[in-house]
There are 2 protein chains.
Amino acid sequence: MSDKFYKIEEVSKMTGLTKRAIRYYEDLNLIAPQRAESAYRLYTDEDLEKIQRIISLKESLGFSLAEIKNALELDKDVQTILSTGTAEAAILGNYMEMIREQIKLIDEKVSKLLATGEQFENLLARLNNLRDRAGKENTR
Amino acid sequence: MSDKFYKIEEVSKMTGLTKRAIRYYEDLNLIAPQRAESAYRLYTDEDLEKIQRIISLKESLGFSLAEIKNALELDKDVQTILSTGTAEAAILGNYMEMIREQIKLIDEKVSKLLATGEQFENLLARLNNLRDRAGKENTR
DNA sequence: GCTAACATTAACGTCAAGGTCAATCCCAGA
DNA sequence: TCTGGGATTGACCTTGACGTTAATGTTAGC
């Protein structure tokens, strides 16, 4: 966890995001890098991890940036609850319910994905079959 | 496979899409319902299935409509290859490669999703723990 | 034959997620 | 010190995926 700082161009190269996108995420309060006196944005490894999480949520889950913001905040809230050990039962139950919903949502996506995957596997198998039969015909 | 026809409002209700969205998909050539003489759109069960596939691809995979169009066309091409049994080896190999790529892409998404899911499960477990400890404290 | 509830196209509006451009500022190296 | 390559903000532009409205046609029941 070296406390090195990255400038936006480096972050762009490391993450594959454009500088514009990175700044945009900041506009939406998804990230909040430090600033140098010159007002340059300074990103830590922690910021980078957060950005990677954003990318992952976006690409795999197809979440909108607004949804991602919610997820990140939910996560953060829970982290503070866990670290302080402070939680009124009602609030805690609330968060647990939200997390269960997220999990359910993810499970649904997974099963849809698996179903789609099987369809393609099926197609592939049938094409394989066709190719094999064609091969036989040629060697007859 | 009854050859009943549905009008757009029925399709809307059955699929949960708005009529506007359904027409928009037609603009993009994702679907091509028949027309009555009055120019009303007439949807078959087959059209409905296609629409359901579009929805599924959109929601689970987060595909753009352009990507969905590609996937549907790929599927259709392969179907005709399979039904006619006609396929030059090169073309066949080509399609098989494309399908493998789709499968790979899907697998990647699935594992990302599962990873995210586990994170949430983890949080949930820790919250459960916290709650149990709090419970004990109250009954002490 | 009228009317209400459907349908059509065409055109413009909107929102998210950035792209692009301009004007200005900062910094590192010759 | 000057110069080129990055950084900043602000403003407007674009694309995808629809929403909305207007003007008009169709159909089913009374």
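The chains referred to below are lettered A, B, ... by the order of the sequence lines, with proteins before strands, and numbering in each begins at 1.
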Do [X] and [Y] make a side-chain contact, defined as non-hydrogen atoms from C-beta onward lying under 4.5 Å apart?
| X | Y | value |
| --- | --- | --- |
| Arg23(B) | Arg41(B) | yes |
| Glu121(A) | Ile99(B) | no |
| Met14(A) | Tyr6(A) | yes |
| Asp45(A) | Leu48(A) | yes |

- Partner of Lys69(B) under side chain to side chain contact (heavy atoms under 4.5 Å, CB included), picked from Ile54(B), Asn29(B), Leu28(B), Leu74(B), is Asn29(B)
- Task: Dump the intermediate steps for side-chain contact (heavy atoms from CB on, under 4.5 Å) on Thr18(B) and Tyr24(B), then the final yes or no.
- Result: CA-CA 10 Å; Thr18(B) 64; Tyr24(B) 181 60; over 6 Å; no
- Task: Please lay out, stage by stage, how Gln119(B) and Arg53(A) fare under the test side-chain contact (heavy atoms from CB on, under 4.5 Å).
- Result: CA-CA 12 Å; Gln119(B) 288 185 30; Arg53(A) 256 198 97 189; 3.6 Å; yes
- Atom OG1 of Thr116(A) and atom NZ of Lys109(B): how far apart are they, to the nearest 0.5 Å? 10.5 Å
- Message: For a 4.0 angstrom threshold against heavy atoms of chain A, report the outermost contacting nucleotides of DNA chain D in 5' to 3' order.
- Response: dG6(D) to dT9(D)
- Close residues, residues 47-56 of chain B, relative to DNA chain C [heavy-atom separation under 4.0 Å]: none
- Message: If I take atom CG in residue Asp27(A) and atom P in nucleotide dA16(C), what distance separates them, rounded to the nearest angstrom?
- Response: 13 Å
- Note on the structure: note: Phe63(A), atom CZ; dA17(C), atom C1'; distance rounded to Å ~ 17 Å
- Query: Using a distance-only test with no angle check, is there a side-chain donor-acceptor pair under 3.5 angstrom linking Arg126(B) and Asn129(B)?
  - Reply: no
- Message: Protein within reach of the bases, or only the backbone? For nucleotides 1-14 of chain C, mark each nucleotide 5' to 3' as B, S or -, using heavy atoms under 4.0 Å.
- Response: -----BSBB-----
- Message: Between Tyr25(A) and Glu37(A), which residue's closest nucleotide on DNA chain C lies nearer the 5′ terminus?
- Response: Tyr25(A)
- Might you confirm whether atom CD of Glu97(A) has over 12 heavy atoms from other residues, nucleotides or ligands at distances under 6.0 Å? yes
